[in-house]
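Since the structure comes first, as structure tokens, the remarks are kept for the end.
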Amino acid sequence: MNNVYTHGHHESVLRSHRWRTAENSAGYLLAHLRPGMSLLDVGAGPGTITADLARLVQPGPTTALEASDSALEITRANFTELDLDVEFVVGDVHKLDLLDDSYDVVHAHQVLQHVADPVQALREMRRVCKPGGIVAARDSDYRAFAWYPLLPELDEWMELYQRLARANGGEPDAGRRLLSWALEAGFENVESTATNWTFANDEDRAWWGGMWADRILESAMAHQARASGVPESTLQAISAAWHQWSTTPGAWLSLLHGEILATA
């Protein structure tokens with residue numbers, strides 16, 4: 001199945017993704033990992049979470065999977081100086097070219113919101129997971145994001161993201177759907193939780209707001225917005241609003257994520 005990745009791989013996007021660690025993005029999974037496990041990381045991105053997970057399961061092997069050669073090169077670059085047992089594979093999560101019952105853990109962070117058929121993706125993740133193993137997924141729920149102050153341009157940002165992500169075949173409110181998708185995929189034992197990223201101090205606000213001020217002008221999403229007829233003035237106004245938010249004393253932002261731990 002063909003998918004368009006809404007964010008793309010501009011530096012402003014990778015700046016966000018490289019901030020992610022197993023601790024801040026996969027905490028719900030960590031207590032279930034132990035040395036010697038085999039692990040598949042679907043949609044490894046720049047590989048910061050992948051590397052952390054690989055350290056926790058070594059000497060067990062880790063496989064990092066991405067959807068294209070170019071995306072996988074971004075992943076691979078993170079490992080050039082790391083002494084970790086990681087294999088790099090290109091594949092489509094809807095139809096993995098991997099053997100049944102291959103991994104103790106199959107993990108995906110911020111992936112299912114972007115795929116054409118998340119239920120089929122979960123079926124494939126289950127297929128390649130060993131019986132009794134763990135399929136773990138965490139996804140944002142954009143409509144549940146909350147911020148202050150309530151700048152109208154940020155509401156416009158939300159509506160624009162919702163429209164563009166859905167035009168690409170994604171589901172930006174995936175977090176609230178993970179449990180139902182897992183049950184539809186055939187899992188019987190599913191633990192469902194939720195956690196937040198919160199940005200509420202000067203440093204975090206400057207980082208997040210500055211990153212999105214750049215993304216709305218320069219990323220694949222920005223190019224898609226322009227191609228769909230969004231005026232440049234609208235994008236500039238959203239960018240300015242992110243800067244305004246980031247420099248407002250007391251500004252606050254919380255990003256909700258749904259999580260599942262499903263037994264294969």
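In what follows, every heavy atom counts, from backbone to side chain, and hydrogens, waters and symmetry copies are set aside.
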Side-chain heavy atoms of Thr62 within contact of Leu84, under 4.5 Å: no
Verdict with reasoning, Gln110 to His17, per side chain to side chain contact (heavy atoms under 4.5 Å, CB included): CA-CA 10 Å; Gln110 312 289 21; His17 293 180; over 6 Å; no
Derivation and outcome, side chain to side chain contact (heavy atoms under 4.5 Å, CB included), residues Trp181 and Glu171: CA-CA 12 Å; Trp181 287 343; Glu171 175 46 74; 4.0 Å; yes
Distance, nearest 0.5 Å, that separates CG of Leu53 from CG of Leu30: 7.0 Å
Heavy-atom side-chain contact between Ser140 and Phe145 under 4.5 Å: yes
Arg215 side chain to Met221 backbone, donor-acceptor under 3.5 Å: no
Main-chain N/O of Asp104 paired with Ser38 side-chain donor or acceptor, under 3.5 Å: yes
Donor + acceptor pair across side chains of Thr50, Asp41 (<3.5 Å): yes
Side chain proximity check, Leu179 to Val190, heavy atoms < 4.5 angstrom: yes
Exercise: identify the closest heavy-atom pair between Ala108 and Met125: CB-CE, 3.7 Å
Cluster check Met158, Met211: I/L/V/M/F/W/Y, side chain < 4.5 angstrom: yes
Pair His7 + His114: ring centers closer than 6.0 Å: yes
Test log, rule side chain to side chain contact (heavy atoms under 4.5 Å, CB included), inputs Thr234 and Ile238: CA-CA 6 Å; Thr234 297; Ile238 293 172; 4.1 Å; yes
Approximate separation, where rounding is to 0.5 Å, of Asp100 CG and Glu124 CD: 8.5 Å
Between NE2 on residue His223 and CG on residue Leu217, distance to nearest 0.5 Å: 10.0 Å
Point-to-point distance, once rounded to the nearest 0.5 Å, from CG of Asp139 to CG of Leu256: 11.0 Å
Side-chain donor or acceptor of Asn24 paired with backbone N/O of Trp19 under 3.5 Å: yes
Aromatic ring pairing Phe79/Phe88, orientation class (parallel under 30°, perpendicular over 60°, tilted between): perpendicular
Shortest non-hydrogen contact between Ala262 and Phe187, atoms and distance: CB-CD2, 3.4 Å
Nearest non-hydrogen partners of Tyr103 and Leu39, listed with the distance: CD2-C, 3.6 Å
Verdict with supporting geometry, Glu159 and Arg143, salt bridge (Lys or Arg N to Asp or Glu O under 4.0 Å): CA-CA 9 Å; Glu159 294 307 318; Arg143 192 66 72 179; 2.7 Å; yes
Expected output: side-chain Asn168 to main-chain Gly170 donor-acceptor under 3.5 Å: no
For residues 146-153, please give each side-chain donor-acceptor pair under 3.5 Å, one per line with the distance, not counting sequence neighbours.
none

Distance, nearest 0.5 Å, that separates NE2 of His109 from CZ of Arg138: 4.5 Å
Same cluster (ILVMFWY, side-chain, under 4.5 Å), Val4 and Tyr161: no
Beyond-backbone contact of Pro118 with Val115, side-chain heavy atoms, under 4.5 angstrom: yes
Side-chain touch Leu82/Arg55, heavy atoms, less than 4.5 angstrom: yes
Closest heavy-atom pair and its distance - Ala222, Leu235: O-CD1, 4.1 Å
pair Leu33-His107: side-chain heavy atoms closer than 4.5 Å: no
Main-chain N/O of His243 paired with Ser246 side-chain donor or acceptor, under 3.5 Å: yes
Closest heavy-atom pair and its distance - Gln120, His94: NE2-O, 3.1 Å
Ring-ring centroid check Trp157 Trp212, cutoff 6.0 Å: yes
Tyr28 side chain vs Ala137 backbone, donor-acceptor pair below 3.5 Å: yes
Shared hydrophobic cluster, Leu183 / Leu122 (ILVMFWY, side-chain heavy atoms < 4.5 Å): yes
Within-4.5 Å side-chain heavy-atom neighbours: Val57 and Val105: no
Glu11 with Arg15: basic N within carboxylate O range, under 4.0 Å: yes
Within-4.5 Å side-chain heavy-atom neighbours: Gln113 and Thr6: no
Under 3.5 Å donor-acceptor, Arg76 side chain and Gly47 backbone: no
Ion pair Arg166/Asp173, N-O distance below 4.0 Å: yes
Chi angles and distances behind the side chain to side chain contact (heavy atoms under 4.5 Å, CB included) call for Leu164, Ser228: CA-CA 9 Å; Leu164 296 178; Ser228 72; 4.1 Å; yes
Main-chain N/O of Glu87 paired with Thr63 side-chain donor or acceptor, under 3.5 Å: no
Polar side-chain atom of Asp214 near backbone of Ser12 as donor-acceptor pair, under 3.5 Å: no
Any donor-acceptor N or O pair under 3.5 Å, side chains Thr248, Arg205: no
Verify same cluster id: Trp242, Val230 (apolar side-chain graph, 4.5 Å): yes
Interatomic spacing from OG1 in Thr48 to CZ in Arg20 - rounded to 0.5 Å: 8.0 Å
Leu253 with Trp197, same ILVMFWY side-chain cluster at under 4.5 Å: yes
Side chain Asn196, main chain Ser254, donor-acceptor under 3.5 Å: no
Aromatic plane relationship, His9 with Tyr5 - under 30° parallel, 30 to 60° tilted, over 60° perpendicular: tilted
Distance-minimising heavy-atom pair for Ile49 and Ser25: CD1-CB, 3.6 Å
